[in-house]
Amino acid sequence: MYSSVRNLLTGLIDYAGLFPPASLDFATALNNFERYRESEHAWMLGKFIIPASRLAELTTSFEGSSVPVSVLAGDDLDLNLKSVRDFQRLQPASIQAIEVKGATVEKIREASEKIPSEMRTFFEVPAGIASTLLVPAIAEQAGCAKIRTGGVTAGAFPASSDVVRFLQLCAVYSVPFKATAGLHHPLRGWHALTYQDQSPCAAMHGFLNIFVAAGFVRSHMAPELVGELIDEQSGEAFQFSEEGIRWRNHLLTSDEISATRSQFALSFGSCSVQEPIDDLKAMGLL
């Protein structure tokens, strides 16, 4: 395996098996996470995503074992933070991040006042024009951004131009980000939205597209080219080597990939780990 591939994929996938479209029961999701952690592809795995309201279930299920956790906060942030504090008394090293809604500048500031400064906070912002105000507000609070890149309906997928705007804003304001939802496949393509029979299909963004694009955005690629990269559906357009990842005639070096992943494009949440692995194997990358 090329170092460029490993640099891109290490710790990339936060497991969200509790959430749609998988919507697994708690025991199954936790067992899956533990199984992935023991597999040959464990190095690709990041955190276990869990609603704050279910942290008590994690405590009783694992009886003290350390699980890297990202907590998804609901509407009652005060109550959620109490759940976080209660959990941390038992497993202080487990919670690595908290994810909250950042729909307005005011909500971002209010949440920042309540969340401990040492806890990495991801503020989910709308992918549209509103992000032009919200990403700078996140930067003021030394926070991280979160973009929703899909869902179980076609309308949940943001336009490529909105994704490009978000990436550029995060780069300009030095705001690290994560993505969530809809990134089950490496490349953009037409896929089923759920695991149900006769599921509707839609054009889904690819995690390879978005995370490689993030690296090129940091290298000041022109927005129109970034948009073309986001929409790229051909695996043949990407070439991998020890030197880096080349998209068409544009090279992102291995060092640039490492810096992008560690400082900027941090991870994405997915209710499936197996789908990304299977697709990457089919591309010959694993």
Side-chain angles (χ1 to χ4, degrees), residues 4-5 7-9 12-13 21 124-132 135 145-172 175 177-194 199-241 244-253 256-257 260-261 264-270 272 275-276 278-285:
S4 60
V5 176
N7 291 346
L8 180 69
L9 300 178
L12 184 63
I13 306 174
E124 182 178 330
V125 301
I129 193 67
S131 60
T132 58
V135 172
K146 175 182 170 183
I147 182 173
R148 187 163 293 274
T149 43
V152 295
T153 63
F157 291 80
S160 298
S161 58
D162 288 335
V163 177
V164 173
R165 180 191 294 112
F166 174 83
L167 295 177
Q168 288 182 307
L169 285 165
C170 288
V172 167
V175 172
F177 76 91
K178 71 172 293 183
T180 188
L183 295 181
H184 292 195
H185 304 282
L187 296 176
R188 181 174 174 84
W190 196 260
H191 300 285
L193 295 174
T194 73
S199 167
C201 296
M204 301 174 71
H205 292 295
F207 62 83
L208 182 64
N209 301 74
I210 287 178
F211 283 82
V212 172
F216 279 117
V217 167
R218 290 183 80 241
S219 301
H220 309 292
M221 176 178 274
E224 59 271 19
L225 280 176
V226 178
E228 291 178 21
L229 198 169
I230 293 290
D231 288 338
E232 182 65 72
Q233 298 186 42
S234 173
E236 295 179 356
F238 296 88
Q239 297 180 355
F240 300 83
S241 67
I245 299 174
R246 189 176 294 276
W247 173 68
R248 299 184 184 174
N249 295 320
H250 307 277
L251 176 67
L252 192 66
T253 69
E256 288 174 325
I257 295 165
T260 295
R261 286 296 325 289
F264 185 51
L266 303 182
S267 65
F268 72 92
S270 174
S272 173
E275 278 183 300
D278 289 344
D279 281 6
L280 289 165
K281 285 182 176 178
M283 293 179 68
L285 298 180

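Hydrogens, waters and symmetry mates play no part in the numbers below; they use all other heavy atoms, side chains included.
One distance of note links CG of L187 with CG of L280; it measures 9.0 Å at 0.5 Å rounding. Between atom CG of residue L251 and atom CD of residue Q239 there is a gap of 10.0 Å, rounded to the nearest 0.5 Å. Atoms CZ and CG, from F211 and L266 in turn, are 8.0 Å apart once rounded to the nearest 0.5 Å. Expressed to the nearest 0.5 Å, how far CZ of F207 lies from NE2 of H184 amounts to 10.5 Å. Distance check, rounded to the nearest 0.5 Å: OG1 of T253 to CG of N7 gives 9.5 Å. Atom CD in E228 sits 5.0 Å away from atom CZ in R248 (nearest 0.5 Å).
When every heavy atom of A127 is checked against every heavy atom of R165, the shortest pair comes out as O-NH1, 4.0 Å. Taking both residues in full, the closest heavy atoms of V164 and P223 are given as CG1-O, 4.0 Å, listed atom of the first, atom of the second, then distance. Closest of all the heavy-atom pairs between S4 and S241 is OG-O, 2.7 Å. Nearest heavy atoms, A265 versus A214: CB-CB, 3.8 Å. Of all the heavy atoms in A202 and A154, the pair that sits closest is CB-CB, 3.8 Å. Between A171 and V217, the shortest heavy-atom distance links the atoms CB-CG1, 3.7 Å.
In this structure, F268 and T149 have side chains that are not in contact, with every pair of non-hydrogen atoms separated by 4.5 Å or more. A 4.5 Å side-chain heavy-atom check between F238 and L229 finds at least one atom pair inside the cut-off. Put simply, the side chain of V163 reaches to within 4.5 Å of the side chain of L167, judged on heavy atoms. Contact check for L169 versus T132: side-chain heavy atoms found under the 4.5 Å cut-off. Considering only heavy atoms from C-beta on, R261 comes within 4.5 Å of L12 through its side chain. Two residues are said to be in side-chain contact when any heavy atoms from C-beta on lie closer than 4.5 Å; L183 and S270 fail this criterion. Put simply, the side chain of L208 reaches to within 4.5 Å of the side chain of M283, judged on heavy atoms. Residues F166 and I210 fail the side-chain proximity criterion, which asks for heavy atoms closer than 4.5 Å.
Of the options L9, V212, D279, L285, a side-chain contact (heavy atoms from CB on, under 4.5 Å) to P186 is made by D279 and by none of the others.
Ring geometry for F177 against F264 counts as perpendicular: the plane angle is over 60°, on a 0 to 90° scale with 30° as the lower cut.
In terms of modelled atom types and a separation under 3.5 Å, the side chain of S267 and the main chain of I13 share no donor-acceptor contact.
For H191 and H185, the gap between ring centers is short of 6.0 Å.
Residues passing the side-chain contact (heavy atoms from CB on, under 4.5 Å) test with S219 are L252, E256, sequence neighbours excluded. Under the side-chain contact (heavy atoms from CB on, under 4.5 Å) criterion, R188 pairs with S160, A203, H205, N209, D231, Q233, not counting sequence neighbours.
Residue pairs satisfying the salt bridge (charged side-chain N to carboxylate O under 4.0 Å, His left out) criterion with at least one member in residues 213-222, sequence neighbours excluded, are absent.
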